[in-house]
Amino acid sequence: MLAGATAAINYIAGLSEAGETRRERIVSAMVAMDEYELELREVIERGITALPGVTCYSRAKRRTSTLLISVEGIEPITIETRLRERGFLAQAGHFYALEVCNALGLGMMGGVRFGLAPYNTLEEAEGLVTALAGAIAEG
């Protein structure tokens with residue numbers, strides 16, 4: 001297990017040439033990965049704001065690259081299923097945040113959550129928007 005952790009640390013450090021020490025390279029790589037994920041998130045957010053009935057709840061100024069949405073008139077589990085059928089991983093539910101979901105008006109059904117990682121591509125971000133549009137069009 002320790003060998004795996006060391007390999008992961010070295011992999012992340014190897015993603016950046018900025019910095020003289022491994023720690024500096026890790027920090028530089030982590031910042032670059034975060035910025036990249038946030039760029040992809042912005043692509044998705046711009047795309048979903050044009051879709052009918054979609055509400056995006058993840059709108060804080062500083063946040064991760066995870067989005068929580070709901071689609072008016074369509075159950076979250078239905079959106080999850082339709083996105084998975086189109087090759088996109090999404091999760092439906094309240095994610096153990098019942099009070100937050102209740103405050104947002106989502107109740108026990110919750111919403112649909114999806115997130116990004118450094119290995120995701122611009123094409124995948126754009127494809128998610130297209131897949132969500134198709135899922136919504138099914139009604």
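Nothing fancy with the numbering, it's 1 onward along the sequence.
When atom types are taken as modelled, the side chain of Glu80 and the backbone of Ala92 share a donor-acceptor pair closer than 3.5 angstrom. Of the possible donor and acceptor atoms, one in the side chain of Arg84 sits under 3.5 Å from a partner among the backbone N and O of Ala90. A donor-acceptor pair is defined here as one N or O able to donate and one able to accept, closer than 3.5 Å; no such pair exists between the side chain of Ser65 and the backbone of Arg41. Although no hydrogens or angles enter the test, the distance criterion places no donor-acceptor pair under 3.5 Å between the side chain of Ser28 and the main chain of Glu24. No donor-acceptor distance shorter than 3.5 angstrom exists from the side chain of Asp34 to the backbone of Val31, with no hydrogens or angles considered.
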Go through the steps to decide whether Tyr36 and Leu116 satisfy the test side-chain contact (heavy atoms from CB on, under 4.5 Å), and finish with yes or no. CA-CA 10 Å; Tyr36 177 71; Leu116 297 158; over 6 Å; no
If you apply the rule side-chain contact (heavy atoms from CB on, under 4.5 Å), what do you find for Leu83 with Leu128, and how did you get there? CA-CA 8 Å; Leu83 287 175; Leu128 176 63; 4.1 Å; yes
Determine whether Leu122 and Val43 satisfy the following criterion, side-chain contact (heavy atoms from CB on, under 4.5 Å), listing intermediate values before the conclusion. CA-CA 8 Å; Leu122 175 61; Val43 168; 3.8 Å; yes
How far apart are the C-alpha atoms of Asn10 and Arg22, what are their side-chain angles, what is the distance that settles it, and do they pass the side-chain contact (heavy atoms from CB on, under 4.5 Å) test? CA-CA 8 Å; Asn10 289 335; Arg22 181 169 66 171; 2.7 Å; yes
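In this structure, CE in Met108 is found 8.0 Å from CG in Asn102, a value given to the nearest 0.5 Å. Expressed to the nearest 0.5 Å, how far CD1 of Ile74 lies from CZ of Arg82 amounts to 5.5 Å. Atom CD of Glu72 is separated from atom CD1 of Ile136 by 10.5 Å, given to the nearest 0.5 angstrom. In this structure, OG1 on Thr78 lies 7.5 Å from CE on Met109, to the nearest 0.5 angstrom. Here Leu67 contributes atom CG and Leu132 contributes atom CG; the two are 10.5 Å apart, rounded to the nearest 0.5 Å. Note: Ile79 CD1 to Glu138 CD = 8.5 Å, rounded to the nearest 0.5 Å.
For Tyr11, the OH atom is loosely surrounded, since the number of other residues' heavy atoms within 6.0 Å does not exceed 12.
The heavy-atom pair separating Phe114 from Leu89 by the smallest distance is CB-O, 3.8 Å. For the pair Ala29 and Ser16, the tightest heavy-atom approach, listed with the atom from each and the gap, is N-CB, 3.7 Å. When all heavy atoms of Arg25 and Ala13 are compared, the closest pair comes out as CB-O, 3.4 Å. Taking both residues in full, the closest heavy atoms of Gly115 and Asn120 are given as O-OD1, 4.3 Å, listed atom of the first, atom of the second, then distance. For the pair Cys56 and Ile48, the tightest heavy-atom approach, listed with the atom from each and the gap, is CB-CD1, 4.0 Å.
Hydrophobic clustering of Ile, Leu, Val, Met, Phe, Trp and Tyr side chains at less than 4.5 Å, counting indirect connections, unites Val129 with Phe88. Leu38 is not connected to Tyr57 by any chain of hydrophobic side-chain contacts under 4.5 Å among Ile, Leu, Val, Met, Phe, Trp and Tyr, and they are in different clusters. A single hydrophobic cluster is seen to contain both Met33 and Ile9, as judged by linkage of ILVMFWY side chains at heavy-atom distances under 4.5 Å, directly or through other members. Connection of Ile77 to Val112 is not established within any shared hydrophobic cluster, with ILVMFWY side chains joined at heavy-atom distances below 4.5 Å, either directly or through further cluster members. The hydrophobic cluster containing Leu40 also contains Leu51, counting ILVMFWY residues as joined when their side-chain heavy atoms lie under 4.5 angstrom apart, directly or transitively.
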